[in-house]
Amino acid sequence: MNHKEDWDFYFSNVEDKPGSFYLDLGLNKIAPVDNMPHFFYVSLKMNNPREDGLSSNGEYETLIHIEDTLVKSLKDKHDIIYAGRLTSNGTRDLYFYTSDTLLIDKTISESLVQFPNYEYDFEIKDNKDWSYYLNFIYPNPRQLQKILNRRVVETLEKNGDKLIRPREVNHWIYFKTTEGREKYIEKVKEKGFKVDDIDNADSEKGFNYKLIISRVDNVGHGDVDDYVLYLWELANELEGDYDGWETSIEVE
């Protein structure tokens with residue numbers, strides 16, 4: 001399949017139980033795929049889950065080995081896309097799309113017979129509109145923003161930043177109206193943000209009014225979501241589009 005894979009994870013409650021999704025975000029750019037109308041999943045019962053139903057450190061390597069074995073076998077024998085997995089409530093569900101379901105069940109059983117200590121189930125469903133991926137597996141906008149936040153923080157860490165020093169953090173927001181932008185400015189100034197730039201912008205979606213703001217903040221994993229999600233939600237309320245943030249790398 002000609003798309004750029006973009007694997008990442010996020011946490012979400014599923015039927016009131018904690019869940020961990022690991023998925024190819026890149027599929028969102030090509031979904032639905034017309035020649036892959038069939039959805040199927042393999043549900044693996046974990047033997048030693050944590051008390052909250054997520055996978056334990058002790059079982060992690062085995063689960064990855066089972067996953068890798070199954071995915072490779074399916075890709076070798078069938079025209080499939082591996083969309084991702086959900087770990088929740090003591091099970092790990094692996095999600096796939098395929099062009100043809102013939103002998104899929106045979107490949108699954110032949111792959112998992114190598115792991116007799118693990119119980120599994122599977123189901124095949126027609127899903128031409130890819131709603132299982134788009135509406136269930138793929139993160140909602142708030143969850144996606146948290147993924148993007150984490151990626152920026154991880155980039156800082158990879159460049160030697162210990163995330164200890166507060167520093168100026170810049171934010172880009174675009175609006176459909178100047179009125180929305182002015183209301184946004186009024187609100188964020190109350191929170192200590194300062195305006196760095198106001199300008200016009202060309203946007204196919206109509207977000208033609210740009211705003212750049214900043215504030216000195218901490219950038220630790222436990223800090224960023226607090227203020228970024230506030231700015232993101234406020235932008236949504238005022239017909240705006242929060243377009244991300246950046247900051248300097250501070251190395252001791």
Side-chain angles (χ1 to χ4, degrees), residues 5-28 31 39-71 74 81-97 108 111-112 115 117-125 127 130-158 163 218-233 236 242 244-245:
E5 294 186 7
D6 184 15
W7 290 88
D8 215 318
F9 71 92
Y10 71 97
F11 295 98
S12 178
N13 283 342
V14 178
E15 296 181 350
D16 296 325
K17 303 286 186 181
S20 173
F21 284 92
Y22 179 68
L23 76 154
D24 181 2
L25 295 167
L27 288 172
N28 186 58
F39 171 83
F40 69 95
Y41 69 89
V42 179
S43 184
L44 192 71
K45 184 178 180 181
M46 294 187 288
N47 290 333
N48 298 293
R50 300 186 334 194
E51 288 187 7
D52 61 4
L54 299 180
S55 60
S56 62
N57 291 336
E59 198 172 13
Y60 177 81
E61 294 296 336
T62 301
L63 294 173
I64 293 298
H65 179 47
I66 296 172
E67 177 182 350
D68 290 345
T69 300
L70 177 60
V71 171
L74 285 166
I81 291 176
Y82 179 41
R85 69 175 188 243
L86 166 64
T87 306
S88 182
N89 198 27
T91 63
R92 173 159 287 183
D93 297 338
L94 311 178
Y95 301 121
F96 303 87
Y97 280 90
I108 293 171
S111 299
L112 297 183
F115 308 99
N117 295 330
Y118 281 86
E119 299 178 22
Y120 75 93
D121 195 5
F122 75 95
E123 187 171 359
I124 300 172
K125 298 182 179 182
N127 192 227
W130 275 49
S131 58
Y132 286 111
Y133 173 80
L134 294 170
N135 300 333
F136 176 64
I137 304 171
Y138 195 78
N140 64 38
R142 180 184 176 89
Q143 291 162 338
L144 182 59
Q145 184 59 56
K146 293 178 72 172
I147 291 173
L148 298 177
N149 292 344
R150 174 165 42 79
R151 286 182 172 183
V152 177
V153 175
E154 288 175 349
T155 298
L156 295 175
E157 288 183 304
K158 288 176 183 177
L163 311 180
N218 293 312
V219 294
H221 285 282
D223 303 303
V224 172
D225 283 345
D226 287 342
Y227 53 85
V228 169
L229 291 177
Y230 162 73
L231 295 173
W232 176 82
E233 289 172 351
N236 290 339
Y242 181 85
W245 61 278

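In this text, all values refer to a predicted model and were calculated from it rather than measured experimentally. Only this structure's heavy atoms are used, side chains among them; waters, hydrogens and symmetry mates stay out.
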Let me confirm one number: the OG1-CE distance from Thr91 to Met46, rounded to the nearest 0.5 Å. 6.0 Å
Nearest 0.5 Å, please: how far is NZ in Lys146 from CG in Leu229? 6.5 Å
Interatomic spacing from OG1 in Thr87 to NZ in Lys17 - rounded to 0.5 Å: 15.5 Å
Nearest-0.5 Å distance, CD1 of residue Ile137 to OH of residue Tyr10: 8.0 Å
Check ring-ring contact (aromatic ring centres under 6.0 Å, His included) between Phe136 and all other residues, then give those that pass, not counting sequence neighbours. Phe21
Between Ser56 and Arg50, does any side-chain donor sit less than 3.5 Å from a side-chain acceptor? no
Gln145 CD to Asp225 CG distance, which is reported to the nearest 0.5 Å: 8.5 Å
Please name all residues satisfying ring-ring contact (aromatic ring centres under 6.0 Å, His included) with Phe9, sequence neighbours left out, ordered by chain then number. Phe11
Glu5 and Tyr82: side-chain donor and acceptor closer than 3.5 Å? no
Can you find a pair of side-chain heavy atoms, one from Leu44 and one from Phe115, that are under 4.5 Å apart? no
So do the side chains of Phe122 and Leu112 get within less than 4.5 Å of each other, counting heavy atoms only? no
From the list Trp130, Phe40, Tyr132, ring pair (Phe, Tyr, Trp, His ring centres under 6.0 Å) partner of Tyr97 resolves to Trp130
Sorted by chain and residue number, the salt bridge (Lys or Arg N to Asp or Glu O under 4.0 Å) partners of Asp223 (sequence neighbours excluded) come out as none
Side-chain heavy atoms of His65 within contact of Thr69, under 4.5 Å: yes
Would you say that Leu148 contacts Trp245 through its side chain, given a criterion of any heavy-atom pair below 4.5 Å between the two side chains? no
Check: Asn13 side chain, Asp16 main-chain N or O, donor-acceptor pair, under 3.5 Å: no
Given 3.5 Å as the limit, does a donor-acceptor pair link the side chain of Glu67 with the main chain of Leu94, or not? no
Is there a side-chain contact between Arg92 and Ile66 in this structure, where contact means two heavy atoms from C-beta onward sitting under 4.5 Å apart? no
His221 meets the ring-ring contact (aromatic ring centres under 6.0 Å, His included) criterion, sequence neighbours left out, with none
Short side-chain to backbone donor-acceptor contact, Glu59 and Asn48, under 3.5 Å: yes
Working to the nearest 0.5 Å, report the span between CD of Gln143 and CG of Asp8. 12.5 Å
Qualifying residues under side-chain hydrogen bond (donor to acceptor under 3.5 Å, both in side chains), relative to Glu154, sequence neighbours excluded: none
Measuring only between side-chain heavy atoms, which start at C-beta, is Pro139 closer than 4.5 Å to Leu23? yes
Partners meeting salt bridge (Lys or Arg N to Asp or Glu O under 4.0 Å) with Glu233 (sequence neighbours left out): Arg142
Apply side-chain contact (heavy atoms from CB on, under 4.5 Å) to the pair Leu86 and Tyr41, showing each step before the final yes or no. CA-CA 10 Å; Leu86 166 64; Tyr41 69 89; over 6 Å; no
Flag the pair Tyr133 / Asn127 as yes when at least one side-chain heavy-atom distance between them is below 4.5 Å, and no otherwise. no
Within the 4.5 Å heavy-atom criterion, are Asp24 and Asp6 side-chain neighbours or not? yes
Taking Asp52 for the side chain and Pro18 for the main chain, is one N or O donor matched with an acceptor at less than 3.5 Å? no
